[in-house]
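Working notes, beginning with the structure itself.
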Amino acid sequence: MDIYKEQLQRLFDAGLAYYAFETPKELGEERKKARAEKRAYRYNRASLELSPETVEQNLKEGKPHVVRFKVPEGGALTVTDCVVGEVTVARTEVDDFVIFKGDGFPTFHFAVIVDDALMNVTHVLRGQEHLNNTFKHILLQEALGFEQPTYAHISLIFNPDGSKMSKRDKDKTLRKFVRENNVESAPESCVSEDAWATWQASKDNQLSTDDATKLALALGVELPEINVDDFKQAGYMPEVLLNYLCLLGWSPGNDVEQFDADFLVEKFSLDRIVKSPAKFDRAKLLAFNLDALQKLSQEEFESKLLAWCQEYAPAFASIENFSLFASANHERSKTFRDATVTSSFLVKDDEAIAWPESKPLKKALLKGEVSGLSRMPAIIEAFGQLETWNAESIDSCLNALAEELADGNLGKVAQPVRIAVAGGPVSPPIGDTLVLLGKESTLCRLTRCHDFFASACDA
RNA sequence: GGUCCCAUCGUCUAGCCAGGUCAGGACACCAGGUUUUCAUCCUGGGAACAGGGGUUCGAAUCCCCUUGGGAUCACCA
């Protein structure tokens, strides 16, 4: 704080700063008027006209005030930006902006210039929304005699619909849902009444991250992934996200798209940054993640998957034969989460498996000249007699059954089994699935499934 | 509205600065194929220089205009 004050004093000494006493209300009206007259709003420098005595007097009376920067006379202003190139603007476009607020703290513009200069910052990379601010910054640097850092303004990232991708998107998603479904109040025990009321009062009041997450869960709303941690939780690898993000606005050329951090460190250069904004394409990120997962060795995949499960899906982390769980899912997962989604039946109780009707289910169990269901007893019987319970023995047992019951068509016996144990048509390869489940659970589920449909058919 | 920025397949982009190959790749999409499900995997396909003027023997590339998109205009950072 003392440092800011000290720098401010230098500006006063040079006659480049002055006190202003207008209230926010007054300024707001000025602004409105300017807008109505279709011209840009400029501060009118009224306080600059005040005599030193009046200023002194006002200060003594404790009149609320700010400190403004006095934009010096001169020609056009030019910023040289590494990405955008030279940008020139008329000096009159820059307002006598506030550098110290009514509360006695410096504004962002002032603080950032002092901070950067005193910390010897050489490169400023930031979003393109700051491009216009840069003029204020170079004016301040000139006034304080600071060296100008190298600027690079990076284009923004958009959602597929063209809107700016922002951390506010979660809030927007929730609001939309609440509005469209006429949700009057927060579901029990997730957001306090007060918080809800504040939130609903204005769209400028965002819910806390915690509350937002709880509310989304309670309402069953899918929040978009925005924060880095959201992507981690969704099962993406951090290095893939980095890779993809870099590609949104930069490329090494030579048709190279997938690379690691080392490559980036070596090849990255500001002059290859693309000027135009990019849309965030989740499908491509997903494809990149798949490629990266497939490149991992069995061991790497297993340890990374385990780490992910421990953090986000503990039920899976405690799977007995985790190694098999990992290998069975390696090839077919696009994200770490995929493995847990398509294998959710593994962590359910046998009694919790249900068989909601669906096309593939009907096809596998109920349709055909000889239905899958009718083969079930023979399958249960054969499995019951299996002494060793591993992928090889199960597969060969299944093959034999296929030969015997379905002209060697393995799908005709494997698919009913899959549905019976998983409750749906999707699972890892059947041998691995059954080993993971264990003989007891497998038989239990097969029997339950058979009974369930047998009684349903009778009725 | 003022000011500033941007513009190549649906999407991300290479090519542009130092005009001259069928405008290249990736994702997505479509069609085949492999596979016990899902996914993976393999092969093939369609797909773009926003529009109009210039400059030039020649323009995606240089210049101008139009159109479209975006940012910003705070006692927020």
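Model, not experiment: these values are computed from the prediction. Just so it is clear: chains get the letters A, B, ... in the order the sequence lines come, proteins before strands, and each one is counted from 1.
- At whole-Å resolution of the value, CG in A:Asn254 and P in B:rG15 are 9 Å apart.
- Here A:Lys232 does not pair with A:Glu225 in a salt bridge; the nearest charged N to carboxylate O distance is not below 4.0 Å.
- Nucleotides B:rG19 and B:rC27 have their C1' atoms positioned 31 Å apart, rounded to a whole Å.
- Comparing the same atom, C1', in B:rG53 and in B:rG69 gives a spacing of 23 Å after rounding to whole Å.
- Atoms CG (A:Asp291) and C1' (B:rC27) sit 10 Å apart, rounded to a whole Å.
- The cationic atom of A:Arg68 (NZ for Lys, CZ for Arg) does not lie both less than 6.0 Å from the six-membered ring centre of A:Tyr19 and within 45° of the ring axis.
- The residue A:Gly249 sits close only to the backbone: its heavy atoms come under 4.0 Å of sugar-phosphate atoms, none of a base.
- Listed nucleotides B:rU3, B:rA71, B:rA39 differ in distance to A:Lys164; the shortest reach to its side chain belongs to B:rA71.
- Comparing B:rG52 with B:rU13, their C1' atoms sit 27 Å apart, to the nearest whole Å.
- No engagement by A:Pro160 is indicated, since no non-hydrogen atom pair under 4.0 Å with the nucleic acid exists.
- Nucleotide B:rU56 is matched to nothing when pairs are restricted to Watson-Crick or G-U wobble geometry with both distances under 3.5 angstrom.
- Within the 4.0 angstrom heavy-atom criterion, base atoms lie near A:Ser427.
- Looking at heavy-atom distances under 4.0 Å, A:Leu285 makes no contact with the nucleic acid at all.
- A distance of about 26 Å separates the P atoms of B:rC63 and B:rA71, rounded to the whole Å.
- Heavy atoms of A:Asn133 sit under 4.0 angstrom from at least one base atom.
- In this structure, the nucleotide among B:rC27, B:rA71, B:rU36 sitting nearest to the side chain of A:Ala283 is B:rC27.
- When distances are taken from the side chain of A:Pro24 to each of B:rC12, B:rU37, B:rC75, the shortest belongs to B:rC75.
- For A:Val98, whose side chain is taken as the heavy atoms from C-beta onward, the closest listed nucleotide among B:rU36, B:rC5, B:rC75 is B:rC75.
- Applying the 4.0 Å criterion to OP1 and OP2 of B:rA74, one finds that A:Arg31 has a side-chain N or O inside that range.
- Within 4.0 Å of A:Glu22, counting heavy atoms only, lies at least one base atom of the nucleic acid.
- Among the protein residues, A:Thr88 comes within range of the sugar-phosphate backbone only, with heavy atoms under 4.0 Å from sugar or phosphate atoms but none that close to a base.
- Distances shorter than 4.0 Å separate some side-chain N or O of A:Ser251 from OP1 or OP2 on B:rA14.
- If you check every strand for non-hydrogen atoms under 4.0 Å, A:His153 touches nothing.
- If you measure from atom NZ of A:Lys275 to atom C1' of B:rA14, you get 16 Å, rounded to the nearest angstrom.
- The side-chain heavy atoms of A:Phe105 and A:Met1, taken from C-beta on, include a pair separated by under 4.5 Å.
- Among B:rA77, B:rU36, B:rC27, the nucleotide with an atom closest to any side-chain atom of A:Leu410 is B:rU36.
- Across all strands shown, B:rG44 pairs with B:rC30; the Watson-Crick or G-U wobble distances both stay below 3.5 Å.
- Within the 6.0 Å centre-distance limit, the rings of A:His109 and A:His137 are counted as a close aromatic pair.
- In this structure, A:Gly102 reaches the bases: a heavy-atom distance under 4.0 Å links it to at least one base atom across the strands shown.
- Within the cation-pi definition used here (under 6.0 Å to the ring centroid, within 45° of the axis), A:Lys136 qualifies as a partner of A:Phe97.
- Each of B:rU37, B:rC4, B:rC12 was ranked by its minimum atom distance to the side chain of A:Val87; first place goes to B:rC4.
- The CD1 atom of A:Ile138 sits 13 Å away from the C1' atom of B:rC4 (whole-angstrom rounding).
- Ring centroids of A:Phe325 and A:His330 are separated by 6.0 Å or more, keeping the two rings apart.
- We find that A:Asp171 and A:Arg175 are joined by a salt bridge, their nearest charged nitrogen and carboxylate oxygen being less than 4.0 Å apart.
- Protein atom CG of A:Leu131 is 12 Å distant from nucleotide atom P of B:rC73, rounded to whole Å.
- Computed from coordinates, the A:Glu86 CD to B:rC17 C1' distance equals 14 Å when rounded to whole Å.
- Nucleotide B:rU72: paired with B:rG2 (Watson-Crick or G-U wobble, both distances less than 3.5 Å).
- Projected onto RNA chain B by closest heavy-atom contact, A:Asp338 and A:Val274 fall at different nucleotides, the more 5' of which corresponds to A:Val274.
- Following rounding to the nearest Å, A:Ile99 (CD1) and B:rA77 (C1') show an atom-to-atom distance of 17 Å.
- Between A:Asp350 and A:Arg445 a salt bridge is recorded (basic side-chain N to carboxylate O distance below 4.0 Å).
- Among the protein residues, A:Gln294 comes within range of the sugar-phosphate backbone only, with heavy atoms under 4.0 Å from sugar or phosphate atoms but none that close to a base.
- Checking A:Tyr236, A:Trp250, A:Phe280, A:Phe259 one by one against A:Tyr244, the ring pair (Phe, Tyr, Trp, His ring centres under 6.0 Å) holds for a single residue, A:Phe280.
- Annotation: B:rU40 and B:rG33 have their C1' atoms spaced 14 Å apart (nearest Å).
- Nucleic acid contact for A:Leu286: none, since no nucleic acid atom lies under 4.0 Å from a heavy atom of the residue.
- For the OP1/OP2 pair of B:rC16 and a distance below 4.0 Å, the side-chain nitrogens and oxygens of A:Arg272 include no atom meeting the criterion.
- Comparing the same atom, P, in B:rU56 and in B:rA74 gives a spacing of 47 Å after rounding to whole Å.
- Note: CD (A:Glu30) to C1' (B:rC73) measures 15 Å, nearest angstrom.
- B:rA7 and B:rU67 make up a base pair, with Watson-Crick or G-U wobble contacts both under 3.5 Å.
- Within residues 76-85 of chain A, the residues approaching RNA chain B are A:Val84, by heavy-atom distance under 4.0 Å.
- With B:rC4, B:rC27, B:rG2 as the choices, the nucleotide that has an atom nearest any side-chain atom of A:Glu93 turns out to be B:rG2.
- Counting all heavy atoms, side chain and backbone alike, A:Pro72 lies closest to A:Leu16 at CG-CD2, 4.0 Å.
- Residue A:Tyr244 is out of contact with every strand shown, counting any heavy-atom pair closer than 4.0 Å.
- For A:Leu156, whose side chain is taken as the heavy atoms from C-beta onward, the closest listed nucleotide among B:rG25, B:rG70, B:rU37 is B:rG70.
- Ring centroid separation for the pair A:Trp389 and A:Phe383 comes in under the 6.0 Å cut-off.
- When heavy atoms are screened at a 4.0 angstrom cut-off, A:Pro64 is found touching no nucleic acid atom at all.
- Both A:Phe100 and A:Leu290 lie near RNA chain B, and the one whose nearest nucleotide falls closer to the 5' end is A:Leu290.
- Contacts of A:His130 with the nucleic acid, taken as non-hydrogen atoms under 4.0 Å apart, include base atoms.
- Using N1 to N3 plus N6-O4 or O6-N4 for Watson-Crick, or N1-O2 and O6-N3 for G-U wobble, each under 3.5 Å, B:rU37 pairs with nothing.
- Taking atom C1' in both B:rC9 and B:rA26, the straight-line distance is 12 Å, to the nearest Å.
- None of A:Val98, A:Leu27, A:Ile99 except one satisfies the side-chain contact (heavy atoms from CB on, under 4.5 Å) rule with A:Val66; the exception is A:Val98.
- Between B:rG51 and B:rG68, the distance separating the two P atoms is 15 Å to the nearest Å.
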